[in-house]
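Structure, as structure tokens:
Lettering follows sequence order; numbering is per chain, from 1. Side chains are part of it too, since the values below use all heavy atoms of this structure and drop only hydrogens, waters and symmetry mates.
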Amino acid sequence: MRISELFTKTSKLAPSDEVAKNAQLLIRAGFINKEMAGVYTYLPLGKLVLDNIITIIREEMNSIGGNELSMTALQSKEVWETSGRWSDDVIDVWFKTKLAGGSEVGLAPTHEEPLTNLMKNFIHSYKDLPVYPYQFQIKFRNELRSKSGLMRGREFWMKDLYSFSRTQKEHDVFYEKISNVYQRVYDRLGLGESTYKTFASGGSFSKYSHEFQTVSDVGEDTIYIHEGKKIAINEEVFTDEVLADLGVTREELVAKKAVEVGNVFTLGTKFSDALDLHFTDEDGTSKKVFMGSYGIGPSRLMGLIAEHFADDKGLVWPVNVAPAKVYLVRIGDQDAVKQADELYDELTGRGITVLYDDRNVRPGEKFADSELMGIPYRVTVSERLIADNQYEVTERSSGETILLTHNDLLDKLS
RNA sequence: CGGGGUGUGGCGCAGUUGAUAGCGCGCUCGGUUUGGGACCGAGAGGUCGAAGGUUUGAGUCCUUUCACCCCGACCA
């Protein structure tokens, strides 16, 4: 993409109504736009980042048999009344409105009910199990107070996968499998080292649920980390009993602030009971489907990654989620234009994503923008370098600059 | 929802004891520049969140209201 064709602009000044670093930088760099508190538009560059995060999650969900679908945000109240969760006393973040005819509808804050209801059309036999439908969907939650930029919005992207299993035993196997896959997602996003599988409160069907918590000062949760076992305990279940369960002592744990970047939960038959989702087992008897739910918030992850890696010059995206791998800076006329154009075509032709700064502005502005946007590799083509047949490559994360020949450059970026 | 704070050109801000708004960035035009957000000159752009009120006169005072931010509570 050529910067000259990009409609967004960068800004030296951060908006005064944002304090969160992720929102300030993402807005300054032109990745998002604030519509209202907790509600953000994804601009072209931000959309690329969000899509990259979603793609990674999608690949991992598909690797364990996930079936992607897309459910509706608009929800009729009936199915929610069946489970008792239409009431504002039970779910206090509902956005509700009415159809023209007067019937009440809500904007989905989650999808257990409609999906369980949907699966009644397809699950009848033990042969139909297990299945793992999932989706990427905008969830709506009328938070009393949204904050921290992309980290806690009223409208946000969520990957929610639900498991439908024949038995708890079968469920437990999948639960373990998807937990491992979640960790792989965080690894690919560059957050692996600082993300911990964390014990949290369970429900009627399991003593614990698990959250994936990434250590960060902007976190809303406090977790107690056991570095040796690479696990953690959420403050909400930080008791002697839990410590004993996990075979750890208080002395071995360190308290840290963390951001919840995912959760896995054993639902059991809570929803299959409420909505009567059953199947005929091998022995001819009717049984309730055993369920689990598994969430990851791509938009929250985007905010966290932005905040986590940023430095005083701006954003620093891991290569896997960056809107482009290369920021091509062109300095000079004629020869520089010719060489930069050729390099742009060549890199793009090789499948390397490039943001080509073809604007007629001074070099300093291009350098500053490349840093603010956080593109992993900055490649500079200038008249000064053409004479020596060299390209300058600066790595965003380290700031290190090296000079490379054309072939070495291609090797470096491939 | 409780407490605190803020709303003035696109963005960031200043406006002293009330007298129909000013700066920086950005933008437009001309020129000089061109390896770290250049410089000179000339311009465009706001009636001060909204409504009501006090006053000869309100961005400045009063009332109501909306929005946004922070702390807390809440977080299926």
With a 4.0 Å cutoff (strictly under), does any side-chain N or O of A:Arg362 reach OP1 or OP2 of B:A38? yes

Compare side-chain N and O positions of A:Arg152 against OP1 and OP2 of B:C74 and report whether any pair is under 4.0 Å apart. no

For nucleotides B:G3 and B:G26, find the distance between their C1' atoms and express it as a whole number of Å. 38 Å

Using the P atoms only, state how far B:G12 lies from B:C70, rounded to an integer number of Å. 15 Å

For A:Glu143 and A:Ser146, run side chain to side chain donor-acceptor pair (under 3.5 Å): C-alpha distance rounded to whole Å, both residues' side-chain angles, the deciding distance at 0.1 Å, then the answer. CA-CA 6 Å; A:Glu143 302 278 356; A:Ser146 63; over 6 Å; no

So does A:Arg378 reach the base of B:G36 with its side chain, donor to acceptor, closer than 3.5 Å? yes

Can you name the salt bridge (charged side-chain N to carboxylate O under 4.0 Å, His left out) partners of A:Arg396, sequence neighbours left out? A:Asp311

Phosphate oxygens OP1/OP2 of B:C70: is one of them under 4.0 Å from a side-chain N or O of A:Arg145? yes

Would you tabulate the nitrogen or oxygen pairs shorter than 3.5 Å linking the protein to nucleotides 9-13 of chain B?
residue : atom : partner : partner atom : Å
B:G12   : OP1  : A:Ser16 : N            : 2.7
B:G12   : OP1  : A:Ser16 : OG           : 3.0

Would A:Thr239 and A:Glu241 count as having a side-chain donor-acceptor pair, cut-off 3.5 Å? no

Among the nucleotides B:G26, B:G36, B:G35, which one has an atom lying closest to any side-chain atom of A:Thr380? B:G35

Can you tell me how far C1' in B:A58 sits from the matching atom in B:C48, rounded to whole Å? 11 Å

Do the side-chain N and O atoms of A:Tyr344 and A:Asp358 include a donor-acceptor pair separated by under 3.5 angstrom? no

Please pick, from B:C69, B:C25, B:G35, the nucleotide with the shortest atom-to-atom distance to any side-chain atom of A:Pro363. B:G35

